[in-house]
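A quick write-up on the structure given underneath.
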Amino acid sequence: MTTEDKATEHKATLSFSDGTPSVDFPMMKGTVGPDVIDIRKLYGATGKFTYDTGFLSTASCNSTVTYIDGDAGKLLYRGYPIEQLATHCDFLEVCYLLYYGELPNAPALEEFKDLVMHHTMVHEQMQFAIRGFRRDSHPMAILTGLVGGMAAFYPDSLDINSPEQQDISFVRLVAKMPTMVAMAYKYSIGQPYIYPVNRLGYASNFMHMMFATPCEDYEPNPVLVRAMDRIFTLHADHEQNASTSTVRLCGSSGTSPFSAIAAGVACLWGPAHGGANQACLEMLEQIQADGGMAKVGEFMEKVKDKHSASRLMGFGHRVYKNFDPRAKLMQETCKEVLAALGLENDPIFKLAMALEKIALEDPYFVERKLYPNVDFYSGIVQRALGIPTSMFTCIFALARTIGWVAQWKEMITDSEYRIGRPRQLYTGSVERDVPPRRGRS
Ligand code: CMC
């Protein structure tokens with residue numbers, strides 16, 4: 001959309017009680033979603049900034065990639081509902097869509113899959129980089145280092161305005177992320193790395209690298225491969241969340257895409273973002289260990305208590321004030337996986353279902369519009385697939401890489417792109433002189 005397309009006939013007028021003359025601001029509209037007030041000229045016109053910690057009311061960019069309607073519980077990638085994509089497309093198809101903007105036809109998809117699956121190997125030196133880490137390092141710490149380290153192997157990627165470099169960086173990131181995640185895992189358990197097998201599909205190759213050993217091959221169950229692929233699709237992008245905004249801000253300086261994506265990996269690690277699925281499963285296991293269903297009431301009182309730091313992990317979302325559509329799909333996958341493995345009576349799954357029911361009927365959660373998010377069931381699925389909790393956030397990072405790259409590319413090819421540089425409300429000391437050391441209290 002051009003600036004003219006976004007313009008509306010409406011304006012917003014800001015008036016002040018401190019004598020500053022009132023100012024008019026243009027209003028812009030997107031294809032769908034709330035209108036925005038273009039305040040870029042505010043500082044020039046008034047010498048004042050806006051204040052919006054946590055970006056509660058601030059649109060930081062234009063984007064055509066993903067749209068969330070939080071009240072309706074809707075998630076669209078390039079306009080397509082997540083339910084349809086998760087049912088009819090595989091992850092690499094979704095990667096193509098997110099990066100290029102349209103779904104591929106059959107020959108284009110085959111060509112793309114071939115391209116990605118022929119970039120799965122990482123430089124052999126990567127394994128020596130990993131050896132510098134302690135064996136008990138968190139895999140996310142290793143992954144942050146490896147992704148950032150890719151810039152050392154592909155220095156040409158610094159030519160960020162070259163469309164060829166943008167495209168090959170995208171392919172390399174999507175192709176090599178599973179290899180690096182699996183390497184981080186194998187290192188942590190003291191097993192040799194397993195090289196990628198390019199004739200396998202994207203998800204089955206990943207599972208092969210995770211679970212095969214030089215002594216035993218791994219024959220993945222198709223239900224489990226499909227579940228893995230769906231986990232990737234459901235986590236592929238989520239508009240301007242914390243890690244994506246981090247990638248954009250870091251990338252806005254013109255740094256290598258690998259450095260920008262490494263910043264995204266680092267941000268994702270936190271428990272309020274990508275670390276929530278690990279935190280959620282650990283929470284369920286703790287309740288189970290403390291007495292299971294008998295302790296649910298006590299636990300729910302704790303998460304509602306303002307003086308307690310506990311939260312019902314896997315519940316609530318900054319944008320969704322309704323069901324997270326990914327949570328419904330993940331619950332469906334959870335049932336399929338547990339059935340395929342004969343684990344229908346899994347106590348943790350039963351506990352999760354019971355907690356969900358109680359929370360959805362509890363006025364505390366109802367009034368605050370707190371619904372299950374994608375992480376509520378994804379931990380149970382991953383645990384059933386044999387993935388240890390310490391790897392959950394790495395899997396999220398693997399999946400979200402496509403979203404980060406698509407949004408990075410969108411930013412650097414946007415004519416309105418400028419380095420991100422927020423302002424502040426300074427509340428520190430006014431200017432003062434440095435006292436001599438002896439005279440300091
Ligand atoms: N359990 C109990 N109370 C909650 C929860 C929860 N999970 N989430 C929010 N609240 C309460 C919160 O205490 C506050 O209550 P009050 O108005 O009385 O002070 C109210 O709901 C609003 O919460 P908030 O922290 O202001 O909301 P936010 O938009 O800043 O936070 C959130 C969103 C996701 C960080 C938060 O809901 C949370 O911590 N959830 C648990 C962690 C989690 O599951 N995170 C995964 C998010 S989805 C994955 C992703 O897309 O990255």
Side-chain angles (χ1 to χ4, degrees), residues 52-58 65-71 73-77 82 140 231-247 264-284 286-287 296-331 352 355-356 358-382 389 392-404 407:
D52 186 13
T53 56
F55 293 93
L56 295 178
S57 299
T58 299
V65 183
T66 293
Y67 176 72
I68 303 173
D69 182 336
D71 292 324
K74 214 185 247 189
L75 169 62
L76 312 177
Y77 293 165
I82 190 67
M140 280 299 276
I231 289 175
F232 294 159
T233 295
L234 297 186
H235 289 85
D237 196 42
H238 215 224
E239 38 118 316
Q240 308 311 319
N241 57 82
S243 58
T244 303
S245 299
T246 301
V247 169
V265 176
C267 175
L268 186 77
W269 190 1
H273 192 5
N277 52 15
Q278 174 174 350
C280 180
L281 186 64
E282 286 168 355
M283 171 194 81
L284 293 170
Q286 189 60 52
I287 302 172
V296 164
E298 198 181 302
F299 175 77
M300 290 302 269
E301 286 315 308
K302 196 163 79 180
V303 298
K304 292 190 285 182
D305 179 0
K306 273 212 168 305
H307 305 293
S308 136
S310 300
R311 285 196 164 190
L312 179 56
M313 299 309 287
F315 257 73
H317 200 275
R318 171 62 60 80
V319 184
Y320 294 116
K321 299 303 168 198
N322 198 328
F323 262 93
D324 175 344
R326 303 168 304 168
K328 285 187 192 160
L329 291 157
M330 196 52 81
Q331 193 197 55
L355 272 176
E356 178 183 339
I358 294 167
L360 290 175
E361 288 167 3
D362 187 313
Y364 174 94
F365 289 88
V366 174
E367 281 157 20
R368 289 170 180 74
K369 299 187 177 169
L370 301 170
Y371 291 86
N373 61 51
V374 66
D375 292 320
F376 197 65
Y377 286 103
S378 73
I380 304 174
V381 177
Q382 293 192 54
T389 41
F392 287 2
T393 319
C394 288
I395 308 265
F396 191 161
L398 186 174
R400 183 56 58 84
T401 295
I402 174 55
W404 292 329
Q407 302 256 1

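Along the sequence shown, residues carry numbers from 1. Numbering of ligands and ligand atoms starts at 1, following listing order. Both backbone and side-chain heavy atoms feed into the values below; hydrogens, waters and symmetry mates do not.
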How about Asp375 and His235: do any of their side-chain heavy atoms sit closer than 4.5 Å?
yes
Which of the numbered atoms in ligand 1 are under 4.0 angstrom from any heavy atom belonging to His238?
51 (O)
Distance-only, no hydrogens or angles: does the Asn277 side chain make a donor-acceptor pair with backbone N or O of Ser378 under 3.5 Å?
no
Check: Phe396 ring centre within less than 6.0 Å of His238 ring centre
no
Check Asp324 against ligand 1 and report side chain, backbone, both or neither, counting heavy atoms closer than 4.0 Å.
neither
Which of the numbered atoms in ligand 1 are under 4.0 angstrom from any heavy atom belonging to Arg326?
51 (O)
Non-hydrogen atoms of Leu281 and Gly379 that approach each other most closely
CD2-O, 3.9 Å
Specify whether the nearest protein heavy atom to atom 15 (O) of ligand 1 is under 4.0 angstrom away.
yes
Using a 4.0 Å cutoff against the non-hydrogen atoms of Tyr364, which atoms of ligand 1 qualify?
2 (C), 3 (N), 4 (C), 11 (C), 13 (O)
Test item: Ile68 and Leu75 side chains (from C-beta on) under 4.5 Å apart, heavy atoms:
yes
How close does the nearest protein non-hydrogen atom get to atom 26 (O) of ligand 1, and which residue and atom is it?
Arg311 NH2, 5.0 Å
Identity and separation of the nearest protein heavy atom to atom 49 (C) of ligand 1:
Asp375 OD2, 3.2 Å
With heavy-atom distances below 4.5 Å as the criterion, would you say the side chains of Val265 and Trp269 are in contact?
no
Quick check on contacts: which atoms of ligand 1 are under 4.0 angstrom from a heavy atom of Gly314?
43 (C), 44 (O)
NZ/Lys321: more than 12 non-hydrogen atoms of other groups inside 6.0 Å
yes
Regarding ligand 1, does Pro271 bring an N or O atom to under 3.5 Å of one of the ligand's N or O atoms?
no
Tyr364 side chain to Met300 backbone, donor-acceptor under 3.5 Å
no
Within the 4.0 Å heavy-atom shell around Val303, which atoms of ligand 1 are there?
2 (C)
When the ring planes of Phe376 and Phe315 are compared, do they come out parallel, tilted or perpendicular, using 30° and 60° as the limits?
perpendicular
Taking a cutoff of less than 4.0 Å between a non-hydrogen atom of the residue and any ligand atom, is Leu370 in contact with ligand 1?
yes
Identity and distance of the protein heavy atom lying nearest atom 34 (C) of ligand 1:
Gly316 O, 3.7 Å
Side chain, backbone, both or neither: which applies to Arg368 and ligand 1 if a contact is any heavy-atom pair less than 4.0 Å apart?
side chain
Minimum-distance protein heavy atom relative to atom 42 (C) of ligand 1
Met313 CE, 3.4 Å
Does atom NZ of Lys74 have more than 12 heavy-atom neighbours, drawn from other residues, nucleotides or ligands, at distances under 6.0 Å?
no
In the protein, which heavy atom is nearest to atom 48 (S) of ligand 1, and how far is it?
His317 CD2, 3.4 Å
So which heavy atom in the protein is nearest atom 18 (O) of ligand 1, and how far is it from that ligand atom?
Lys306 NZ, 2.7 Å
Heavy-atom contacts under 4.0 Å between Lys302 and ligand 1: side chain, backbone, both, or neither?
neither
protein heavy-atom neighbour closest to atom 1 (N) of ligand 1 works out as Leu312 N, 3.0 Å
Please confirm whether Glu367 approaches ligand 1 to less than 4.0 Å, judged on its heavy atoms.
no
Contact between ligand 1 and Lys304 is defined here as a heavy atom of the residue under 4.0 Å from a ligand atom; is it met?
no
Any heavy atom of Phe376 sitting closer than 4.0 Å to ligand 1?
no
Donor-acceptor under 3.5 Å (Thr389 side chain, Gln278 main chain):
no
Side chains of Pro325 and Leu234: closer than 4.5 Å at any heavy-atom pair?
no
Please state which protein non-hydrogen atom is closest to atom 45 (N) of ligand 1 and give its distance, to 0.1 Å?
Ala276 CB, 3.4 Å
Take a 6.0 Å sphere around CZ of Phe55 and say whether it holds more than 12 heavy atoms from other residues, nucleotides or ligands.
no
Under 3.5 Å: donor-acceptor pair, side chain of Ser308, backbone of Lys304
no
Going by heavy-atom distance to atom 33 (C) of ligand 1, choose the closest among His235, Arg400, Arg318.
Arg318
